[in-house]
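Naming: A, B, ... by sequence-line order, numbering from 1 per chain.
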Protein chains: 4
Amino acid sequence: MKSTAANSFGHAGPHRNEGARQAVLDAADDLLVERGFAGVTMEGIATKAGVAKQTIYRWWKSKVDVLLDNLEQDGEMALAWPVSDATPTDRLISQLTRIENFLHSEAAGKVMQALIGQALHDRETAQKFREGFLFNQRKRDLAGLREVLEELDCAPKDERVLEELLDQIIGPIHYRSLVLGQRSDQELLVRSVEAMLRDAQVRVQR
Amino acid sequence: MKSTAANSFGHAGPHRNEGARQAVLDAADDLLVERGFAGVTMEGIATKAGVAKQTIYRWWKSKVDVLLDNLEQDGEMALAWPVSDATPTDRLISQLTRIENFLHSEAAGKVMQALIGQALHDRETAQKFREGFLFNQRKRDLAGLREVLEELDCAPKDERVLEELLDQIIGPIHYRSLVLGQRSDQELLVRSVEAMLRDAQVRVQR
Amino acid sequence: MKSTAANSFGHAGPHRNEGARQAVLDAADDLLVERGFAGVTMEGIATKAGVAKQTIYRWWKSKVDVLLDNLEQDGEMALAWPVSDATPTDRLISQLTRIENFLHSEAAGKVMQALIGQALHDRETAQKFREGFLFNQRKRDLAGLREVLEELDCAPKDERVLEELLDQIIGPIHYRSLVLGQRSDQELLVRSVEAMLRDAQVRVQR
Amino acid sequence: MKSTAANSFGHAGPHRNEGARQAVLDAADDLLVERGFAGVTMEGIATKAGVAKQTIYRWWKSKVDVLLDNLEQDGEMALAWPVSDATPTDRLISQLTRIENFLHSEAAGKVMQALIGQALHDRETAQKFREGFLFNQRKRDLAGLREVLEELDCAPKDERVLEELLDQIIGPIHYRSLVLGQRSDQELLVRSVEAMLRDAQVRVQR
DNA sequence: CTGTAAGCGAGACGGTACGTCTAGTCTTTTA
DNA sequence: TAAAAGACTAGACGTACCGTCTCGCTTACAG
């Protein structure tokens, strides 16, 4: 606790006020949960966060940017592959469960759904969402999956095949969640992984 | 040519003006393609269609309703399983191709993406979209898939398993399209169907 | 009581809502008296009048236009030369008194002072103020003065001289009011008129 | 010449930076000429002067104070009664001409018009303007006029009469300039002085 | 065969949020 | 300790749409 104590909140100096930053992120998140995406407005965030609109515009270009900032903060933590000594299959199932739970989680899941929704409306949002979050997460998932498959001796050489195998398991989860609006139960995830592993073995033998 | 001549357009009588209806649907579609979802506004539609705002509100509750009306008209046609004497597998692949093409089509695909996007923002849109379009289409696809699997002697008894098998093939396509923003090539669709059929056979043997 | 009764106020049709118009004019006037010129804002007027900002912008370009509208309504009435059987000199003094009182009146005087103030800040306001109010009033005052001088047999032939004579009596009043912030008492006005009449006679003899 | 070297400009020491002061005054004046009164903003002055906003607020309460500072500097010099051996009447006419020219001068005249304009909007500005500039100038003009009248043997005993005589000549000039937006030509000034002198003589005989 | 009721184009209305601008305050860092 | 730099809260600016409304016209059907 040194000089940073001065910036606890309240007023600010020439450097960025960290308290204001977090207040904005939290306010946006709260509004999304309480009132949905249309209820997230720059004015609403400002009021709720006790912050001037100009302060938001100084650091973020739009409400989408604010939400994306939230997602980058929360999502990368919640979707990391944890260190584990479980069997490869179990580790894979457990990651799939983590993804499914994340998609339906109260705060972070709503943010992600809102951003995917907006990405479908707006090309620029799509790009930001993918580059700011999705592709990073995808890299981590591909690496995790590769490790699992290597332990099971069915890792493909071709990276594109690995991507196909990943999409075989996460595609249906997302489709059910985002499009159908349905959760995927544990059994389904297990069968999905089994089917994919069978396919991986078939492919590797060719 | 009797009473319809009066309703050709221009002005109207006590019955609904069909010209105005189509002009509204077309204007909404055009605006979506030209300016994206945010560019579709009630005022914009009214101006472009040469129609009073009140006329739109008389027949549709919101711009989402207008777009959904469009989708119901176009989508059900473009996604029907055609009568064909091809092999079951080929028919399945061809339907999958049809879906993939539809998702990326200029007009109808944009409408569908916009509606899915809005469904992710708004519960009510989600419900309308599913009940007005998605569930109907899903029923047709489930019936088509069942027929294919029956011919291949691997149709499951349980309807829920059939749904899982359907999601195995359409889930990844949608995920790539909606979330990753990538097209799925023909090869991928073929391998996807093969993997699903293998899984169906495994399941039916149990 | 015919069809116009429908537009008493509340909501409006495709024609201008007279109630809203008057509410805006009154709100602007009230704000000016209560809070001064800086306290007259488009938002404040809108709130006080119970009117949407867009409604103000639809009919007036700026708050200056609103105030000018007020002045045109009030000023032309308060500064008219009334029909009178008093002596010419008395009529002139009485008009001068009327002007002096007007300049210091609660509502209309404040509006006029505000507009002259703004005219000194902004060329466009100056032009509007002059063309919308000042020059009309000046014409009436010149006509009134000419009549008075004719009855006293000292009306100049040259219009420019007439203007000079007018400015001899109204210039000091305005200077004291606008620049010095002082009222001119009745005695002063009387002496001012006497001096001017003496000058008019001198001039006419040449 | 010791510590002043440090205060040459750029950065500053513990004492007031004279360079900054002048830069602020000049910037305000420039902005007024270039963009009008509304274009004179604290931010604009700060930017143009290369000075921090806080520095302005440290020494002046508002932009009006800055402009008034300018006027006090320039106005008192430009409006002084010079020593002259001309006839009294000519000296008076020449002072009147000086005033008229000042009101229409590029820099100082604009400042004065702006301040009078703002004084009409705001009581506090009015007071500052009068006490900081106007009343001082008026004292000088009254003294000058008294001297002229004494030489012509028609100086009134009553100071209030002297003020009235002054307003007879400067009132119309200001009215034409500030309200009508018109210049007064030399001839007019001459006739105005003649009329006033005639009135002074009439009054003194009573 | 005529009134009446509905659909229609037009557009004014009260609102909400937008993104920008400036005000005036405060804090940090430099000299 | 003055000054430059600039982040901060506050609030008005003028614009764009929202969804509701009123108007005046046109036209189909009912009495």
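Residues satisfying the side chain to side chain donor-acceptor pair (under 3.5 Å) criterion with Thr125(B), sequence neighbours excluded, are Asp122(B). Applying the side chain to side chain contact (heavy atoms under 4.5 Å, CB included) rule to Arg123(A) yields no partners; only residues at least two apart in sequence or on another chain are considered. Residues satisfying the salt bridge (Lys or Arg N to Asp or Glu O under 4.0 Å) test with Arg21(C), not counting sequence neighbours, are Glu18(C), Asp69(C).
Put simply, Thr55(D) has a side-chain N or O that comes within less than 4.0 Å of OP1 or OP2 on dA4(F). Contact annotation: His15(A) side-chain N/O to dT29(E) OP1/OP2 distance is under 4.0 Å. Between Trp59(B) and dC8(E) there is a side-chain N or O to OP1 or OP2 distance below 4.0 Å.
Within the structure, the ring-ring contact (aromatic ring centres under 6.0 Å, His included) test picks out the following pairs touching residues 27-61 of chain A (sequence neighbours left out): Phe37(A)-His121(B). Each salt bridge (Lys or Arg N to Asp or Glu O under 4.0 Å) pair with one or both residues in residues 25-42 of chain A, not counting sequence neighbours, appears once here: Glu34(A)-Lys48(A).
Asp65(D) has its CG atom 11 Å from the P atom of dG24(E), to the nearest Å. Note: CH2 (Trp60(B)) to P (dC18(F)) measures 15 Å, nearest angstrom. Rounded to whole angstrom, the span from the CD1 atom of Ile45(B) across to the P atom of dG9(E) amounts to 14 Å. Taking atom CZ on Phe37(C) and atom P on dA12(F), their separation rounds to 15 Å, with Å as the unit. Taking atom CD on Glu18(A) and atom P on dC8(F), their separation rounds to 10 Å, with Å as the unit.
With dC8(F), dG9(E), dC13(E) as the choices, the nucleotide that has an atom nearest any side-chain atom of Arg16(C) turns out to be dC13(E). When distances are taken from the side chain of Arg58(A) to each of dA7(F), dC8(E), dA4(F), the shortest belongs to dA7(F).
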Every protein N/O lying under 3.5 Å from an N/O of nucleotides 13-17 of chain F:
residue: dC13(F); atom: OP1; partner: Met42(C); partner atom: N; Å: 2.9
residue: dC13(F); atom: OP2; partner: Met42(C); partner atom: N; Å: 3.0
residue: dC13(F); atom: OP2; partner: Glu43(C); partner atom: N; Å: 2.9
residue: dG14(F); atom: OP2; partner: Tyr57(C); partner atom: OH; Å: 2.4
residue: dG14(F); atom: O5'; partner: Tyr57(C); partner atom: OH; Å: 3.3
residue: dG14(F); atom: N7; partner: Lys53(C); partner atom: NZ; Å: 2.9
residue: dG14(F); atom: O6; partner: Lys53(C); partner atom: NZ; Å: 2.7

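Ionic pairing of Lys61(C) and Glu124(C) is present here: one or more N-O contacts between side-chain nitrogen and carboxylate oxygen are shorter than 4.0 angstrom.
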